Student: 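Before we start, here is the structure in question, set down as structure tokens.
Throughout, a chain's letter reflects where its sequence line sits, starting with A, and its residues are numbered from 1. None of the values given here were measured: they were computed from a predicted structure.
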Amino acid sequence: QKEVEQDPGPLSVPEGAIVSLNCTYSNSAFQYFMWYRQYSRKGPELLMYTYSSGNKEDGRFTAQVDKSSKYISLFIRDSQPSDSATYLCAMLLWGKLIFGTGTRLQVFP
Amino acid sequence: EAQVTQNPRYLITVTGKKLTVTCSQNMNHEYMSWYRQDPGLGLRQIYYSMNVEVTDKGDVPEGYKVSRKEKRNFPLILESPSPNQTSLYFCASSGTSGNSYEQYFGPGTRLTVT
């Protein structure tokens, strides 16, 4: 079993839709939970991070962590074509990042 | 501009021909790391360095070497490349290993070994 599982998609939604991206994990010792965004032909960039259970909002993005279920989510409200990218969940354990495989999202006009 | 640079961006080579991919960061970061990204496998760490002259293996170090002689540079060396090392490679850096949840990635190097 992988430490971090993520549905690879692809996920295709119309502009304005609410998008939900999810990851599950197996190691309860993970300290931080992150979402990275990767545009085509670019390196990943940090979108959001959190370290506790609950929700964290940043504009149209909400990161949710449920430590009891070992489940994290990223919600994107009012999705835009510019949100089209691959979204990677990542977890930090003693300075080491462990990534999910990424979910490819396409938002069409 | 704060950035991580990698060179070359694209490389096609033959089995057994030694190559080096350079990585440089201008943010005075202590922590640097190399990843490879493959379809269905995601990003996997090859090697990392917590400071000058301090390097350690990641999850997939076989067939790779690194060195950290200067804080800003962290080259990845393939002494005898093989086709299974065909991949997309990323260098990354962060301030310290403690807050390495925020790693800054380079633009990637696409390597093909024939």
Side-chain angles (χ1 to χ4, degrees), chain A residues 1-10 21-27 29-52 56 58 61 63 65 67 72 74 85-105, chain B residues 1-10 21 23-25 27 29-51 54-61 87-110:
Chain A
Q1 181 190 6
K2 289 182 182 177
E3 284 191 282
V4 180
E5 299 271 6
Q6 184 174 9
D7 187 334
L21 304 167
N22 309 296
C23 287
T24 58
Y25 61 96
S26 58
N27 192 339
F30 285 133
Q31 300 157 307
Y32 279 81
F33 305 88
M34 285 75 64
W35 287 95
Y36 278 75
R37 178 174 60 195
Q38 184 177 17
Y39 289 114
S40 181
R41 302 184 192 282
K42 302 278 189 185
E45 57 181 352
L46 181 66
L47 188 61
M48 294 186 72
Y49 77 93
T50 183
Y51 53 85
S52 58
K56 181 178 181 180
D58 185 1
F61 299 89
V65 174
K67 287 189 176 183
I72 71 170
L74 178 70
T86 296
Y87 290 81
L88 301 145
C89 64
M91 320 224 171
L92 186 71
L93 181 63
W94 303 118
K96 179 178 176 179
L97 273 181
I98 298 170
F99 287 89
T101 52
T103 300
R104 190 154 60 90
L105 170 68
Chain B
E1 180 191 354
Q3 59 182 353
V4 178
T5 56
Q6 293 179 229
N7 282 293
R9 293 290 313 277
Y10 302 91
V21 184
C23 172
S24 184
Q25 49 91 7
M27 295 168 279
H29 282 168
E30 295 167 351
Y31 184 93
M32 296 186 74
S33 183
W34 275 103
Y35 296 88
R36 60 178 289 174
Q37 187 174 37
D38 301 288
L41 297 175
L43 277 162
R44 294 179 293 166
Q45 191 178 55
I46 303 170
Y47 268 95
Y48 66 96
S49 169
M50 297 179 73
N51 216 323
V54 181
T55 63
D56 209 346
K57 296 177 181 178
D59 297 315
V60 288
S87 187
L88 180 58
Y89 291 86
F90 288 101
C91 180
S93 72
S94 71
T96 66
S97 61
N99 68 350
S100 56
Y101 60 81
E102 184 168 20
Q103 294 196 14
Y104 294 83
F105 284 80
T109 295
R110 185 166 292 282

Student: What closest approach, in Å, do Gln6(B) and Pro107(B) show between heavy atoms, and which atom pair accounts for it?
Tutor: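 So the two residues come closest at OE1-N, 3.7 Å.
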Student: Tell me, do Asp59(B) and Lys96(A) make a side-chain contact under 4.5 Å, heavy atoms counted?
Tutor: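 Sidechains of Lys96(A) and Asp59(B): in contact.
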Student: With a 4.5 angstrom heavy-atom cut-off, could you sort out which part of Arg110(B) is near chain A: side chain, backbone, both or neither?
Tutor: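 No part of it gets close to chain A.
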Student: Less than 4.5 Å apart, any side-chain heavy atom of Gln31(A) and any of Trp94(A)?
Tutor: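 They are in side-chain contact.
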Student: Could you pull out the closest heavy-atom pair between Val4(A) and Cys89(A), with the gap in Å?
Tutor: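 For Val4(A) and Cys89(A), the tightest heavy-atom pair comes out as CG1-SG, 3.5 Å.
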Student: May I ask you to name which of Leu88(A), Leu97(A), Thr86(A) has the most heavy-atom pairs under 4.5 Å with chain B?
Tutor: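 Going by pairs under 4.5 Å, I would pick Leu97(A).
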Student: Could you give the side-chain donor-acceptor pairs of residues 40-47 of chain A under 3.5 Å, partners two or more places apart or in another chain?
Tutor:
residue, atom, partner, partner atom, Å
Glu45(A), OE2, Arg37(A), NH2, 3.4

Student: Side chain, backbone, both or neither: which part of Ile98(A) has a non-hydrogen atom closer than 4.5 Å to chain B?
Tutor: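 Contact with chain B involves no heavy atom of Ile98(A) at all.
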Student: Can you name the residues of residues 33-40 of chain B that have some heavy atom under 4.5 Å away from a heavy atom in chain A?
Tutor: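 Under the 4.5 Å heavy-atom cut-off, Tyr35(B), Gln37(B), Gly40(B) qualify.
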Student: May I have the step-by-step check of side-chain hydrogen bond (donor to acceptor under 3.5 Å, both in side chains) for Thr103(A) and Gln6(A), ending in yes or no?
Tutor: CA-CA 7 Å; Thr103(A) 300; Gln6(A) 184 174 9; 3.3 Å; yes
Student: Pick from Tyr51(A), Phe33(A), Tyr49(A): which one has the most heavy-atom pairs with chain B under 4.5 Å?
Tutor: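 Top option by heavy-atom pairs under 4.5 Å: Tyr49(A).
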Student: Please classify the contact between Tyr10(B) and chain A as side chain, backbone, both or neither, with a heavy-atom cut-off of under 4.5 Å.
Tutor: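 Contact with chain A: side chain only.
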Student: Counting distance only, does the side-chain N/O of Ser49(B) pair as donor-acceptor with the main-chain N or O of Val54(B) below 3.5 Å?
Tutor: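 At least one qualifying donor-acceptor pair exists.
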Student: Could you pull out the closest heavy-atom pair between Gly106(B) and Phe90(B), with the gap in Å?
Tutor: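 Heavy atoms of Gly106(B) and Phe90(B) come nearest at O-CD2, 3.4 Å.
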Student: Where on Tyr36(A) is there a heavy atom nearer than 4.5 Å to chain B: the side chain, the backbone, both, or neither?
Tutor: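 Only the side chain of Tyr36(A) comes within 4.5 Å of chain B.
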Student: Could you look at Gln38(A) and say if it's the side chain, the backbone, both or neither that has a heavy atom under 4.5 Å from chain B?
Tutor: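 Contact with chain B involves the side chain of Gln38(A) alone.
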Student: Which of parallel (below 30°), tilted (30 to 60°) and perpendicular (above 60°) describes Phe30(A) and Tyr25(A)?
Tutor: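 Ring orientation, 0 to 90° scale: perpendicular.
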